[in-house]
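Each remark here refers to the structure printed beneath this line.
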Protein chains: 2
Amino acid sequence: MTKRPRRRSKNVVTMAEVANLAGVSTMTVSNVLNNKPSVLPERRRAVLEAMDKLNYRPNVAARALASAGSIRIGLLYRDVENALLGAMLVGALKASARFGFQLIIRSYDETKPLDDVAAFAVSEIDGLLLPPPLCELVSFSGISAKLSIPMIGLAPGTNLSDIPAVRIDDEVAAYEVTHLLLEKGHRRIGFVKLPGAMVGQTRLAGVQRALAEHGEVLEERFIWEARPIYEAGLALADMVCKMEERPTAILAGSDDIAAAFVNVMHRCGLHVPEDISIVGFDDTPIAVKIWPALTTVRQPLARIAEQATERLIQMIRNPEQYTNDVIYIPHEIIQRASVSERPLQD
Amino acid sequence: MTKRPRRRSKNVVTMAEVANLAGVSTMTVSNVLNNKPSVLPERRRAVLEAMDKLNYRPNVAARALASAGSIRIGLLYRDVENALLGAMLVGALKASARFGFQLIIRSYDETKPLDDVAAFAVSEIDGLLLPPPLCELVSFSGISAKLSIPMIGLAPGTNLSDIPAVRIDDEVAAYEVTHLLLEKGHRRIGFVKLPGAMVGQTRLAGVQRALAEHGEVLEERFIWEARPIYEAGLALADMVCKMEERPTAILAGSDDIAAAFVNVMHRCGLHVPEDISIVGFDDTPIAVKIWPALTTVRQPLARIAEQATERLIQMIRNPEQYTNDVIYIPHEIIQRASVSERPLQD
DNA sequence: CTGAAAGCGCTTACAG
DNA sequence: CTGAAAGCGCTTACAG
């Protein structure tokens with residue numbers, strides 16, 4: 001009669017139940033969960049199995065309360081409209097839920113990104129996820145050393161000197177796509193660099209490597225620059241449309257730029273891909289909402305974010321063994337209708 | 001020597017200190033904090049004063065843990081590519097972080113959405129956020145009563161009979177947009193219903209109400225149906241293009257459908273908006289990535305998700321006073337170039 | 001390497 | 001109306 005029933009909302013699986021099933025103490029479960037190296041491999045396996053079987057999810061509130069800290073991962077985003085934000089959040093959320101961390105998000109002001117990063121870093125969080133182009137901005141500004149929390153870059157266009165990152169290999173992606181174009185017979189290729197972002201340089205190197213293998217070069221006059229937004233693409237495409245001699249294929253820096261090219265080329269009286277082939281980058285939704293649909297490079301952003309979050313959690317837990325490495329995630333070349341089988345004969 | 005020092009991260013003010021200063025028990029502080037009516041006015045004042053003096057902030061983690069562990073909110077999504085997912089996650093994340101709840105996400109299989117909802121609901125979560133079209137599917141299937149957790153619909157196209165919801169008023173939005181068209185002189189208006197989704201019916205009512213006020217009617221032959229995706233829009237637009245007599249303005253059911261219309265109308269030799277005006281719905285990114293940019297209706301999804309999450313948390317905490325109400329969030333008519341100043345003179 | 005015990009800051013259920 | 005006690009699910013610090 002001394003027991004007091006307590007409302008228990010649900011069949012929530014607790015650490016005790018996992019411990020029970022695995023035949024260990026809750027301490028050991030906790031150690032496994034926190035990746036403490038001291039646990040014997042066989043026990044660890046048993047615990048992980050039990051967690052899996054029971055579909056165990058750590059209770060963030062309890063963890064936060066008990067550990068008095070280190071449970072918050074921050075993610076800064078610029079804009080809710082961003083087509084890639086959903087995928088990044090999904091990945092980050094999965095990894096943080098798995099480890100019982102809480103994901104805290106905040107938008108930043110494009111006119112003072114670094115200030116916002118600094119303010120966010122000092123006040124409320126234990127680790128920071130940096131999407132592009134923030135990761136590059138932070139890295140180039142050199143403020144990362146002053147920010148005293150671990151951070152990691154998501155899909156930067158190049159390796160960062162002072163911040164670890166998870167990314168696709170842009171150089172290889174550009175190389176492969178260029179190779180595809182060469183195989184289809186294209187020789188005169190146009191390339192759109194992205195300003196500021198290092199991706200421009202990295203991809204450019206890949207394009208040049210592929211061309212060099214075929215004894216070709218990328219002509220200076222076919223290297224342009226545009227911000228990766230539709231409007232900038234429109235302006236550039238307009239200019240290209242008026243050129244006397246054009247490339248037979250164009251590697252746009254983003255799907256938005258590519259979509260703008262497709263649009264302008266039509267208005268210009270050119271057929272895509274018969275007269276000119278267009279390649280995008282990112283495989284965002286617009287890639288299949290225009291005609292012809294874009295051949296493009298897909299970055300698996302959800303996976304990138306998930307891996308980056310896992311890595312960040314490791315860094316938060318073991319600050320000493322924090323190395324500045326890069327994790328590569330495989331990209332995918334998506335072939336659709338915007339690249340012709342053969343180039344225009346000139 | 002029996003005391004064990006415990007790391008205490010900061011100079012956090014606890015409830016005990018407030019209770020101490022106010023000369024009451026922690027229980028009373030808690031009661032004041034939770035607005036329990038039973039506390040005597042003078043004590044309440046003393047407690048509030050102490051809280052203020054010490055700058056007391058309740059610890060959300062402790063509160064979540066103590067209040068019986070109801071801390072998980074689930075969100076089901078179909079696809080990482082969804083342009084609206086980012087906004088929904090941002091809103092849901094903000095509200096859940098504020099109350100110390102955890103957001104758990106999971107993707108569902110389009111071929112068996114109801115099974116996935118049921119499985120998710122029974123196993124791991126305390127409340128469920130239902131984005132469209134899931135909220136409508138769940139409501140129409142009638143399974144909500146069997147699912148024993150609170151849930152709420154995000155931006156359904158109509159009020160749901162058995163599930164509370166946060167949404168814009170589609171009828172009014174459709175009314176306002178139609179009104180806009182009427183003001184610009186349009187009389188022959190085409191309308192695209194979305195199949196399955198109730199939005200079709202609800203918006204149709206708004207369109208008809210506006211037309212009726214001008215003594216006009218929506219002609220049967222100008223009411224079509226299409227799924228809210230680009231491809232379906234293409235097929236429908238093709239059909240419309242071949243009609244002998246066309247409306248001067250079309251209310252597409254989504255931006256994707258509208259974008260498809262714009263595309264096909266061009267190929268059809270018609271100018272948008274001079275020959276035909278097109279109105280989208282949702283204000284997704286594609287709205288400004290085509291030419292002309294779409295006049296459309298914006299649903300503030302981040303705000304909708306945030307409000308819905310707050311409401312859901314209330315429902316989880318007070319299951320008894322759970323009413324099936326609807327919270328309306330203001331929408332916004334975004335005027336861009338796809339609607340002409342005046343209709344074609346026929 | 002492992003686990004029994006204490007404690008994180010709050011709320012619930014109860015007795016007064 | 002009020003408060004002493006138990007408990008939420010986890011981690012820390014310690015002893016074995």
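Chain naming here is simple, since letters A, B, ... match the order of the sequence lines and numbering starts at 1 in each.
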Closest to the [X] side chain, choosing from [options]:
X	options	answer
A:T14	D:dG3, D:dC10, C:dT2	D:dC10
A:A66	D:dT11, C:dC10, D:dA4	D:dT11
A:V24	C:dT11, C:dG3, D:dT2	C:dG3

Atom-to-atom span, [atom1] of [X] to [atom2] of [N] - whole angstrom:
X	N	atom1	atom2	answer
A:R44	C:dC1	CZ	C1'	12 Å
A:M27	C:dA5	CE	C1'	12 Å
A:M51	D:dC10	CE	C1'	13 Å
B:Q102	D:dC10	CD	P	11 Å
A:N20	C:dG3	CG	P	12 Å
B:E17	C:dC8	CD	C1'	13 Å
A:L40	C:dT2	CG	C1'	9 Å
A:N31	D:dC14	CG	P	16 Å

Query - B:E110 atom CD, neighbour heavy-atom count above 12 within 6.0 Å - result: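 For B:E110, atom CD is not crowded (no more than 12 foreign heavy atoms under 6.0 Å).
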
Requested in this report: Write down the partner of C:dG16 under the Watson-Crick or G-U wobble criteria, each distance required to be under 3.5 Å.
Outcome: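 Pair assignment: C:dG16 / D:dC1.
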
Requested in this report: Considering just the side-chain nitrogens and oxygens of A:S30, establish if one lies under 4.0 Å of OP1 or OP2 belonging to D:dT11.
Outcome: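 Yes, such a contact exists.
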
Query raised in the report: When you check the phosphate oxygens OP1 and OP2 of D:dT2, does a side-chain N or O of B:T28 lie under 4.0 Å from one of them?
Result: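 No, no such contact exists.
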
Query raised in the report: Are B:R78 and B:D109 ion-paired here, with the side-chain N under 4.0 Å from a carboxylate O?
Result: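 So B:R78 does not pair with B:D109 through a salt bridge.
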
Query raised in the report: Between A:R311 and A:D325, is there a salt bridge with N-O shorter than 4.0 Å?
Result: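 A:R311 and A:D325: salt-bridged.
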
Query raised in the report: Mapping A:T26 and A:R43 to their closest nucleotides on DNA chain C, which lands nearer the 5' end?
Result: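 Comparing both residues, the 5'-ward one is A:R43.
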
Query raised in the report: Is there a donor-acceptor pair closer than 3.5 Å between any side-chain N or O of A:T309 and the backbone N or O of A:A305?
Result: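 Looks like yes, one N/O pair under 3.5 Å.
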
Report task. Indicate whether the side chain of B:R167 and that of B:N159 have a donor and an acceptor atom separated by less than 3.5 Å. Result ->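 There is such a pair (donor and acceptor under 3.5 Å, judged by atom type) between the side chains of B:R167 and B:N159.
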
